[in-house]
2 protein chains.
Amino acid sequence: MFAKQVNLVIVDDHPLIIQGLKALLSSHEQLNVLASFTKGQDVIAFLLGQEVDVVILDISLPDCNGMDICREIKTMAPATRVIALTNHNERSLIMQMLQNGANGYLLKNASSEELISSITQVMNGQLSFSTGIEEIITQPAVYEQGPVPKLTRRELEVLKLIAAGETSTVIADRLCVSPLTIEMHRRNLLQKFKAKNVAVLIRMSFQLGLIK
Amino acid sequence: MFAKQVNLVIVDDHPLIIQGLKALLSSHEQLNVLASFTKGQDVIAFLLGQEVDVVILDISLPDCNGMDICREIKTMAPATRVIALTNHNERSLIMQMLQNGANGYLLKNASSEELISSITQVMNGQLSFSTGIEEIITQPAVYEQGPVPKLTRRELEVLKLIAAGETSTVIADRLCVSPLTIEMHRRNLLQKFKAKNVAVLIRMSFQLGLIK
DNA sequence: AAATATATACTGGTTTTCCAGTATTTTTGG
DNA sequence: CCAAAAATACTGGAAAACCAGTATATATTT
């Protein structure tokens, strides 16, 4: 199955997920878990001094954005394969991860067999996806989004206040600017998300993990 | 630590979580995992023919609502302890689970020690919570919600269409009713969620797992 | 230093939401 | 069968969002 020993690293903020992955991988002799981390920056530091074949990487990490970590990993260690492991199945996120160099994309409800198969595939130089993910990627979405919107500091601030239910007038008072400025931020946010109104803006922000 | 053998059952839609829990629990002789399920209804069927000490129960299950399963378990087997294991830390959900009879509430980022400790506590007849959960429960929320809103079939239908970004006029056309009817549904939804506008409505609906 | 992006702010206007109250019909539960 | 809940619908009106375009100042990037 594996031509040689495969060295892996796990990054997930759930100790139980890490535990489960270790238990699963340990029943395969040639799969060797070198380390596990609950923070993204720790894996970057680790990779500076250690060569790793596969990183299994959660997207939602407490200290940073898994997508950025993915890009960083591929920048510093291009030969290292990255398999995203996440609950998110939004096409935008999947495409963004692939754009950032991910070799695989698994959902957390994947089976053991699926995980092992995925590791095999990426080690063979292939891309690997959970059941259903390929379908999500390939079928043109009814509402086609571009990449995940990149928000400025101010836009994110305004978005959070909108999500908290505040009106433009209240937000303007809070941020000491004109209500017309906030209206302009709203318009820009709607355009970036290709959203027709606040309902879609909030929903997509949630789905993309921009707000919790 | 445990006066006697503790029989447990795990219900979670993530095989990796189940794997992790099993690995963890198996290193404690007196903790005996009888079975695991990825569907809520399966655990109910199991409990009909088997006495269980502790059920570790995810709230988000694919076939049903973990909160309802919790209530069902406590109805049919009051002596069985239920520990919720979830990613949600909204006060409403925590209170609802306690209301439905849960004995513990853990977040999925809990450590191994925390889990074992929780099992110990519930077996001793105590309530048990993840770090931080007690704080969430005890501090009066800035925006105090009541219990998780119970939506009618029609209300949920309208909510989903609102979340999809449709206006009241469009929703009315879709459902073959007057736009004024939809406006009335909107008003009722805002009242049930104690939301001041659609932004809060959508945000809370996602936070409470009512829509995905 | 220059180009670009961001933040800010305005005019003028339409659409939509939110609000409060009221009323009737239909459905559901006891 | 009856009471209660849900669904439906209306009047009248204010507040807020959404829209399109335009403009200037500041910050950032090249």
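Letters go in sequence order (proteins before strands), and every chain restarts at 1.
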[X] [atom1] to [N] [atom2]: how many Å, rounded?
| X | N | atom1 | atom2 | answer |
| --- | --- | --- | --- | --- |
| A/E157 | C/dT8 | CD | P | 9 Å |
| A/R174 | C/dT8 | CZ | C1' | 19 Å |
| B/L190 | C/dT16 | CG | P | 18 Å |
| B/M184 | C/dT24 | CE | P | 15 Å |
| B/H185 | C/dT17 | NE2 | C1' | 16 Å |
| A/E155 | C/dA7 | CD | C1' | 10 Å |
| A/R153 | C/dA7 | CZ | C1' | 11 Å |
| B/N188 | C/dA20 | CG | P | 13 Å |

Quick one: CD1 on A/I83 to SG on A/C70, what's the gap to the nearest 0.5 Å?
11.0 Å
Could you grab the distance from atom NE2 of B/H88 to atom CE of B/M67, nearest 0.5 Å is fine?
8.5 Å
If you assign each of B/E183 and A/L180 to its closest nucleotide in DNA chain C, which residue comes earlier from the 5' end?
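Closest to the 5' end, via its nearest nucleotide, is A/L180.
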State whether B/K39 and B/D42 are salt-bridged, where the test is any N-O pair (Lys NZ or Arg NE/NH1/NH2 against Asp/Glu carboxylate O) under 4.0 Å.
no
Kindly determine whether A/L85 and A/L107 satisfy side chain to side chain contact (heavy atoms under 4.5 Å, CB included), including the steps that lead there.
CA-CA 6 Å; A/L85 186 67; A/L107 296 174; over 6 Å; no
Looking at [X], does any N or O in its side chain come under 4.0 Å of the phosphate oxygens OP1/OP2 on [N]?
| X | N | result |
| --- | --- | --- |
| B/R187 | C/dT17 | no |
| B/R186 | C/dC18 | yes |
| A/T181 | C/dA9 | yes |
| A/T152 | C/dA7 | yes |

Just wondering, do [Y] and [X] contact through their side chains at under 4.5 Å, heavy atoms?
| X | Y | result |
| --- | --- | --- |
| B/T152 | B/N188 | no |
| A/V177 | A/R154 | yes |
| B/V158 | B/L175 | yes |
| A/L159 | A/I211 | yes |
| A/R203 | A/Q207 | yes |

Using the C1' atoms of the five pairs at each end, what is the angle between the end axes of the helix from C/dA1-D/dT30 to C/dG30-D/dC1, to 10°?
80°
If you assign each of A/A199 and B/L175 to its closest nucleotide in DNA chain D, which residue comes earlier from the 5' end?
B/L175
Using heavy-atom distances to pick each residue's nearest nucleotide on DNA chain D, tell me which of A/K196 and B/P179 is more 5'.
B/P179
Touch class at under 4.0 angstrom, heavy-atom based, for A/N197 against every strand present:
sugar-phosphate
By the 4.0 Å heavy-atom rule, please label B/S168 as base, sugar-phosphate, or nothing.
sugar-phosphate
What is the 5' to 3' range of DNA chain D, first to last nucleotide, that sits under 4.0 Å from any heavy atom of chain B?
D/dA6 to D/dT11
Which atom pairs, donor and acceptor, lie under 3.5 Å between side-chain atoms of residues 52-62 of chain A and protein residues at least two apart or in another chain?
unit_1	atom_1	unit_2	atom_2	d
A/D53	OD1	A/K4	NZ	3.4
A/D53	OD2	A/K4	NZ	3.4
A/D53	OD2	A/N7	N	2.7
A/D58	OD1	A/S60	N	3.3
A/D58	OD2	A/K108	NZ	3.1

